[in-house]
Amino acid sequence: MSRRDRMSGNEAVATAIRQIGPDVIAAFPITPSTEIPQYISSYKSDGLIDTEFVAVESEHSAMSACIGASAAGVRAMTATSSAGMALMYELLYVAASDRLPIVMAAVNRALTGPININADHSDSMGARDSGWIQLYSENAQEAYDNMLMAHRIAEHPDVLLPLMVCQDGFITSHAVENIVIEDDELVKSFVGEYRPEKYLLNPRESLGVGPYSVSAFYMEIKRQQFEAMSKARAVVAAVSAEFSALTGREYGMLEKYRMDDADLAVLLMSSSAGTGKDAVDRLREKGVKAGLVKLRVFRPFPEDDLVEALKDVKALGIMDKSDGFSGCGGPLGAETRSALYGRADGVKTVNYVYGLGGRDARVEDFEALFEELGRLRDGESLPRCRHHGMRE
Amino acid sequence: MIYNAYSLKEAASRPERFVQGHRMCAGCGATVAVRAVMRALRPEDRAVVTVATSCLEVSSCNYPYTSWNDSFLHTAFENAAASASGVEAAYTALKKKGRLEETYKFIAFGGDGGTYDIGFQSLSGAMERGTDMVYVCYDNEAYMNTGIQRSSSTPAYADTTTSAVGSKSDGKPQYKKDLTKIMAAHHIPYVAQSTFIGNFKDLHQKAETAIYTEGPAFLNVLAPCPRGWRYSTADLMDICKLAVDTCVWPLFEVTDGEWVLNYEPKKKLPVTEYLKTQGRFKHLFENGNEHLLERVQDDVDRRWEELKNLCDMS
């Protein structure tokens with residue numbers, strides 16, 4: 001039986017990890033993800049899991065040990081944030097190209113500097129081209145649910161890619177919320193056992209992992225990663241459908257909120273969705289046709305789903321919780337506009353960079369933003385990109 | 001210690017674990033070190049070998065080929081030890097769950113760049129955590145894979161491409177880091193320093209001890225590089241012998257804190273006997289550079305006395 005409980009996003013993710021029972025966890029503390037390895041260590045001390053916990057001396061070694069363990073043939077996991085993820089960047093690419101389904105609990109935090117410990121997406125957005133699947137979670141429940149689905153997606157034979165489950169630092173990771181926790185046995189049977197086809201510790205067949213690959217072979221390996229990432233879309237959909245049938249909680253590539261007749265909409269990811277939905281409700285009461293789209297899956301990027309969800313919108317605010325420093329907006333803005341180009345050219349867009357380093361995005365901020373989108377719809381010329389929620 | 005009666009003939013007759021087809025240079029010490037270490041594995045035991053990015057890595061596992069008969073993992077330059085510790089954790093997990101019967105040993109290889117420098121933190125961490133593995137540094141005293149740049153293992157006054165000898169430079173101005181002592185300071189069960197001497201008994205026995213000691217072990221093997229050191233490929237063994245007989249590279253081991261000097265030359269040769277065999281030290285023999293040779297000799301003498309004291313005190 002599932003049970004209702006109250007817990008933080010970090011505890012929810014740690015609970016999911018306990019229920020999954022990976023063979024190896026290698027992790028290094030960094031705010032705000034530190035609690036996750038702490039929970040794991042205490043579960044181990046209390047005999048609740050038999051996971052090998054490798055308390056490494058850096059995040060670089062955490063990901064290195066995960067690669068070693070996963071290549072050796074077992075389930076390997078880690079947790080990190082911000083600079084910790086940045087220290088892993090080199091190895092994130094290695095994990096993906098070695099086709100190792102490592103799962104990471106990513107607790108999003110701004111990347112220094114100046115040093116800041118609060119939420120934005122600059123850490124995982126910096127890893128967006130590393131070949132990892134990225135799922136973003138609005139709240140503790142979604143972080144928990146995404147973690148339960150993570151291995152099924154990552155380990156699927158059509159995919160075999162590492163996956164990070166992202167949640168917003170502090171806002172989600174530390175806030176205590178109501179949550180439904182599934183039964184341990186149900187989780188175990190849903191997640192299943194991991195039995196890789198090729199692995200280092202196979203006594204019947206030695207294996208070489210991570211060879212030097214010259215230009216005569218390199219590009220085929222990269223195209224295989226592309227194909228796996230493309231196929232991951234269908235696998236995410238299938239696993240999510242199976243999960244929904246089991247728990248009643250619906251997940252897709254994205255969530256549409258009051259979008260049926262919306263002519264003004266915002267597109268965003270993670271915790272701000274809750275605030276945005278409140279603003280949409282208030283505006284709807286005033287007769288404004290406002291809607292919201294929350295992207296759950298950033299990698300693989302769900303181009304078709306986005307076009308379908310947004311094609312009838314007249315003015316769209318694309319909200320980036322990181323600035324790609326292209327000088328013309330953030331990564332979600334760039335990729336969404338690319339998806340819409342030639343397929344939904346009638347949609348007017350502004351790319352808002354917001355919420356950096358934990359800057360609050362309040363209901364009033366969303367209302368002001370929708371008001372601006374209304375003017376954009378009505379023909380006013382607006383900058384293609386601007387920062388929202390500034391002090392001035 | 002597991003000092004079984006050693007026979008080169010027996011060791012050399014074991015099935016090769018590192019085989020032909022690799023692209024290492026003739027006269028390269030790294031390849032000799034790898035074969036010697038891998039020969040110390042009992043034929044019935046399996047291994048997972050982890051290699052730091054290096055000449056050894058790019059030349060021995062070149063897609064779609066490999067010279068390794070055992071499972072092999074390369075991830076990056078600075079993390080061979082951490083990667084091995086992940087494999088070892090997976091092994092422990094599989095053993096506990098009864099999913100693996102065979103015995104595996106975990107051996108990491110790195111050059112001095114991957115060990116003394118960029119991989120030092122990863123190595124220190126894996127050793128401190130008590131990972132049941134052997135880390136073998138094949139020390140050729142510079143970043144040879146990228147073209148002979150200085151490392152913290154490069155000896156004083158060596159001519160490298162980033163400590164080039166010129167009218168304003170005598171070569172590398174700093175002395176060599178003593179990594180073997182640093183690893184002994186980790187208080188791990190076994191640390192040893194070796195090279196290629198005579199019938200390879202020293203290296204074989206140390207490798208065997210390192211592999212079959214429970215817990216972390218570190219082996220530092222002087223492994224000359226003909227391109228970087230500038231010697232004739234046929235001189236490899238002679239140079240190693242001179243490194244030992246001049247006390248530039250003493251053979252010793254530290255077992256559970258006990259320091260043992262494995263070889264004391266009957267007649268300690270002057271360091272010039274070693275230096276003159278190598279092009280990287282050629283400038284030291286020019287007129288006016290006598291004081292540099294004296295400094296090198298003084299440093300060797302001081303370190304040799306320090307080591308003897310440590311061994312005498314044990």
Side-chain angles (χ1 to χ4, degrees), chain A residues 21-26 28 50-76 78 87-88 90-91 93-95 97-98 100 102 193 195 198-214 216-218 220-221, chain B residues 17 23 46-51 53 57-97 99-104 106 108 119 121-129 131 133:
Chain A
D23 302 285
V24 173
I25 292 180
F28 187 80
D50 58 0
T51 297
E52 293 303 307
F53 178 59
V54 188
V56 283
E57 84 299 331
S58 72
E59 290 87 352
H60 195 281
S61 286
M63 188 45 59
S64 304
C66 282
I67 291 171
S70 184
V74 306
R75 254 183 201 139
T78 189
L87 192 55
M88 292 179 178
E90 176 194 24
L91 283 318
Y93 286 75
V94 174
S97 68
D98 286 345
L100 301 173
I102 296 162
E193 295 272 323
R195 290 283 189 275
K198 305 267 183 193
Y199 56 104
L200 295 171
L201 291 173
N202 180 356
R204 291 167 297 283
E205 179 189 50
S206 292
L207 178 69
V209 176
Y212 181 54
S213 181
V214 296
F217 298 103
Y218 185 84
E220 277 68 25
I221 294 165
Chain B
R17 289 169 179 266
R23 296 154 191 215
R46 296 157 195 276
V48 177
V49 174
T50 313
V51 178
T53 310
E57 190 274 321
V58 300
S59 305
S60 68
C61 191
N62 205 319
Y63 185 86
Y65 306 109
T66 181
S67 286
W68 299 89
N69 280 339
D70 292 286
S71 277
F72 169 94
L73 173 66
H74 161 257
T75 51
F77 192 0
E78 66 279 48
N79 62 349
S83 303
S85 73
V87 180
E88 188 246 21
Y91 176 70
T92 307
L94 290 175
K95 279 280 187 189
K96 269 190 194 166
K97 290 171 184 170
R99 282 171 54 192
L100 186 64
E101 285 180 11
E102 289 75 4
T103 298
Y104 275 84
F106 306 101
Q121 171 182 318
S122 171
L123 168 64
S124 179
M127 296 287 110
E128 182 274 332
R129 290 192 298 274
T131 313
M133 63 176 285

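Residue numbers start from 1 in every chain, and the chains themselves are labelled A, B, ... in the order their sequence lines are given, proteins ahead of strands.
For the atom pair A:His60 NE2 and B:Thr75 OG1, the distance stands at 7.5 Å (nearest 0.5 Å).
Only the side chain of B:Val48 comes within less than 4.5 Å of a heavy atom of chain A; its backbone N, CA, C and O stay farther away. If you measure heavy-atom distances from A:Val56 to chain B, the contacts under 4.5 Å come from both the backbone and the side chain. Using a 4.5 Å cut-off between heavy atoms, B:Leu100 contacts chain A through its side chain alone, with no backbone atom that close.
A donor-acceptor pair is defined here as one N or O able to donate and one able to accept, closer than 3.5 Å; such a pair exists between the side chain of A:Ser206 and the backbone of B:Asn69. In this structure, B:Arg129 contributes its side chain and A:Val54 its backbone to no donor-acceptor pair below 3.5 Å. Between the side chain of B:His74 and the main chain of A:Gly210, a donor-acceptor pair closer than 3.5 Å is present.
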Next on the checklist: Using the rule given for side chain to side chain donor-acceptor pair (under 3.5 Å), can you reason through B:Gln121 versus A:Ser58, listing the C-alpha separation, both sets of side-chain angles and the distance that settles it, and then say yes or no?
Outcome noted: CA-CA 9 Å; B:Gln121 171 182 318; A:Ser58 72; 3.2 Å; yes

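Smallest separation of non-hydrogen atoms from A:Leu207 and B:Ser71: N-OG, 2.9 Å. Residues A:Pro203 and B:Glu102 share a closest heavy-atom pair of CG-OE1, 3.2 Å. Pairing each heavy atom of A:Glu90 with each of B:Ala76, the nearest pair is OE2-CB, 3.4 Å. When every heavy atom of B:Ala90 is checked against every heavy atom of A:Leu201, the shortest pair comes out as C-CD1, 4.2 Å.
Considering only residues two or more places apart in sequence or on other chains, A:Glu52 meets the salt bridge (charged side-chain N to carboxylate O under 4.0 Å, His left out) condition with B:Lys96. Listed by chain and number, the residues in a salt bridge (charged side-chain N to carboxylate O under 4.0 Å, His left out) with A:Glu205 are A:Lys198 (sequence neighbours excluded).
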